[in-house]
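Here is the structure we will look at, set down as structure tokens.
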There are 2 protein chains.
Amino acid sequence: MYEATVSAPVNIACIKYWGKRDTKLILPTNSSLSVTLDQDHLRSTTTSRVDESFEKGDRLWLNGKEETVKEDGRLGVCIKELRNWRKIEEDKNSSLPKLSQWPLRIASYNNFPTAAGLASSASGLAALVASLAKLYELPQSPSELSLIARQGSGSACRSLFGGYVAWREGSKEDGSDSLAEQVASREDWPEMRALICVVSDLKKGTSSTSGMQRTVETSTLLKERLNIVPGRMEEISKTIKSKDFENFAKITMKDSNSFHSVCLDTSPPIFYLNDVSKSIIQVIEELNRSSGEIIAAYTFDAGPNAVIYSLEKNIGKVLGVINKFFPQAEESKDPFKTKSEDLPESFNQNVVRQGGWEKGSVKSLIHTRVGDGPRTLGKEESLLNEQGVPKTLA
Amino acid sequence: MYEATVSAPVNIACIKYWGKRDTKLILPTNSSLSVTLDQDHLRSTTTSRVDESFEKGDRLWLNGKEETVKEDGRLGVCIKELRNWRKIEEDKNSSLPKLSQWPLRIASYNNFPTAAGLASSASGLAALVASLAKLYELPQSPSELSLIARQGSGSACRSLFGGYVAWREGSKEDGSDSLAEQVASREDWPEMRALICVVSDLKKGTSSTSGMQRTVETSTLLKERLNIVPGRMEEISKTIKSKDFENFAKITMKDSNSFHSVCLDTSPPIFYLNDVSKSIIQVIEELNRSSGEIIAAYTFDAGPNAVIYSLEKNIGKVLGVINKFFPQAEESKDPFKTKSEDLPESFNQNVVRQGGWEKGSVKSLIHTRVGDGPRTLGKEESLLNEQGVPKTLA
């Protein structure tokens with residue numbers, strides 16, 4: 001039986017990807033940089049299997065639900081490219097089994113609910129690409145594989161590495177230099193923690209795919225953002241290599257705000273931050289001010305959820321302010337069992353509206369840290385049963 | 001008795017003033033353009049009187065409350081400059097009474113509550129300057145007077161004219177070319193209506209004076225906004241002269257969004273739009289889309305209140321969507337008694353969160369229209385009693 005099961009991590013960008021210069025190849029208008037989060041807590045797992053005896057045609061299940069794989073769709077393109085790479089190896093070495101000719105069965109599963117508002121496409125596509133690469137025993141490096149993952153879902157390319165990861169925009173028309181590479185490993189700066197605040201939202205926002213192109217077409221400020229990002233990429237890489245949290249945080253917050261600015265500068269404007277998101281920003285700014293140093297950095301993707309980066313030694317202070325001002329509806333399981341610390345003495349509580357936020361404005365917290373890249377799992381973790389159908393369905 | 005009573009209008013900018021290149025002289029980083037609103041509905045009234053027999057020293061009351069006039073404060077500077085201009089006339093013509101040497105008594109009153117969230121400094125300073133100019137019988141033109149009003153409160157310079165008014169940023173260091181002038185009169189385009197939606201806010205925002213300088217100091221996108229505004233000033237002036245509402249509205253909405261974008265791009269970020277403000281934006285965008293033409297334009301100053309511009313023939317449709325989705329706490333008195341019209345057939349109600357907004361998210365509506373410049377009022381409208389003290393206090 002030819003099968004591989006791989007898990008891949010979620011990543012949260014500090015320098016945001018927003019805008020494509022080529023929508024088909026998914027080539028971005030700017031480079032981006034993210035922190036890979038720990039798969040112990042958040043992950044997508046994918047099992048890929050080929051079998052000569054399978055009925056013709058590929059089949060794929062996402063979270064137990066079968067999806068149609070369109071040949072020219074994003075999933076279809078990834079599968080086709082990796083199959084081609086396998087074929088090249090088979091052509092070079094005739095002793096290899098002709099796996100590229102056999103039907104595929106793929107099952108993918110996210111261990112976090114969609115309702116958490118975390119983009120699952122990055123970890124999901126990364127797990128798919130990594131599991132097929134493993135199944136086909138491809139010789140390509142993670143950066144080369146990232147070229148394929150990118151075409152499945154832009155930011156997926158960054159989930160093929162652990163630690164701190166850059167997606168270089170590249171300049172070639174065919175996209176062959178628009179790939180991900182590691183800036184620093186998890187081990188280089190292991191103290192980085194992330195606290196995800198899952199914020200309730202009463203209305204579905206604009207999808208990032210359509211939103212970013214509206215920005216490219218209509219924002220007059222985007223041009224200036226694109227001038228600024230290259231400098232930020234260089235600067236933040238230096239802060240990571242020198243473990244300079246203060247400047248890492250400054251750049252992260254600035255770039256998140258810059259990204260949401262160009263969303264607002266779009267016609268019609270795009271809003272992802274809601275009143276709770278903005279209040280989290282004001283609380284973190286005040287935490288930094290009253291601490292006399294920058295100990296936390298907020299960042300927001302295409303939705304109202306906050307991700308707060310902080311170092312291990314300071315995360316208790318972050319939990320302190322978040323738990324005080326944003327009481328959650330559900331108690332969160334903290335894998336680190338970190339205790340909330342008191343507010344700094346000079347913390348000005350007027351930054352939060354009088355009476356504070358009602359319970360459940362932040363639904364739940366996910367406390368995690370910087371993590372490693374895709375992991376190959378054992379047979380016992382396979383998502384498929386003997387017949388090549390998800391076990392959850394059997 | 002030497003006395004003048006003058007009223008001056010509120011103005012709401014379509015091209016926003018945000019940032020000073022000289023904070024003492026109040027010289028802006030960009031030109032701006034506003035619509036003057038009708039004093040029949042919203043106004044500041046000021047009575048200025050001089051009397052040789054008054055006790056030495058000037059006295060001033062705002063809404064019945066006495067204020068200290070600091071010589072180098074904003075009010076003090078305006079009074080001093082106008083007094084100097086009077087002195088020049090007295091020196092030229094010795095037959096003139098020496099009003100410049102006599103103590104002043106000034107009372108000013110806004111007919112709209114501060115709680116309405118409308119900036120009263122523009123109309124208030126304009127009324128002060130216009131009433132002193134009248135009292136002193138100054139020969140200066142409104143544009144020349146706008147140089148003084150500007151130093152009292154930047155946007156006050158635009159309230160010295162009716163209709164459609166530009167504040168030219170100017171280039172001279174002494175500010176002598178940073179003045180207001182009329183682009184078109186009320187009579188040139190009298191059909192312009194404004195609907196002010198007073199939005200509740202649970203937290204006081206950043207003052208515009210400190211906020212705009214934080215933007216100048218920290219925003220990386222402001223530079224690009226400053227490149228864009230001159231083109232917008234030219235374009236919107238053309239739309240006003242040709243009564244092209246569609247393009248007037250497009251530019252107005254774009255510039256409001258651009259202004260709030262640079263606020264968000266400030267460190268720490270500044271937020272004026274809240275969830276209700278954003279929902280009003282989405283409703284107006286959908287009203288325009290579903291109407292098949294742009295019939296309304298939103299704009300927001302340094303606060304959550306929306307001002308919606310629309311033409312007389314379409315204002316009923318605007319009232320229709322606002323009343324449907326934002327039921328007010330208090331019934332508003334509409335001087336035009338306009339009836340709310342039904343939503344366009346293809347209006348997509350999903351742009352508003354499910355269940356709609358609770359009553360009072362918009363506190364009240366003020367329906368008004370384009371108006372004229374400062375008005376000289378009769379003696380019977382004087383705010384001062386015989387002793388030179390506000391009548392309201394007597």
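Keep in mind that what you see is a predicted model, and the values were worked out from it rather than measured. We name chains A, B, ... by the order of the sequence lines, and we start the count at 1 in each one.
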In plain terms, say whether Arg289(B) and Glu286(B) are close enough for a salt bridge, that is, a side-chain N and a carboxylate O under 4.0 Å apart.
yes
Given that the side chain runs from C-beta out, which part of Ser267(A) has a heavy atom under 4.5 Å from chain B: side chain, backbone, both or neither?
side chain
Under a 4.5 Å heavy-atom cutoff, which of Lys250(B), Met253(B), Glu285(B) has the most pairs with chain A?
Glu285(B)
Strictly by modelled atom types, are Asn257(B) and Lys254(B) linked by a side-chain donor-acceptor pair under 3.5 Å?
no
So, the side chain of Ser219(B) versus the backbone of Leu221(B): is there a donor-acceptor pair under 3.5 Å, distance only?
yes
How about NZ on Lys324(B), more than 12 heavy atoms from neighbouring residues, nucleotides or ligands closer than 6.0 Å, or not?
no
Under a 4.5 Å cutoff for heavy-atom pairs, which residue among Asn227(B), Asn288(B), Leu273(B) has the most contacts with chain A?
Leu273(B)
Asp301(A) and Tyr17(A): CA distance, side-chain angles, deciding distance, side chain to side chain contact (heavy atoms under 4.5 Å, CB included) verdict
CA-CA 9 Å; Asp301(A) 280 351; Tyr17(A) 155 50; over 6 Å; no
So, are Glu235(B) and Lys238(B) salt-bridged, with charged N and O less than 4.0 Å apart?
no
What part of Asn350(A) is in contact with chain B, defined as an atom under 4.5 angstrom from a non-hydrogen atom: side chain, backbone, both or neither?
backbone
Which atoms of Ile228(B) come close to chain A, meaning under 4.5 Å heavy atom to heavy atom: side chain ones, backbone ones, both, or neither?
side chain
Which bit of Ser258(B) is near chain A, if near means a heavy-atom gap under 4.5 Å: side chain, backbone, both or neither?
both
Part of Ile281(A) lying under 4.5 Å from any heavy atom of chain B
side chain
Side chain from CB out, backbone as N, CA, C, O: work out which of these in Lys223(B) comes under 4.5 Å of a heavy atom of chain A, or both, or neither.
side chain
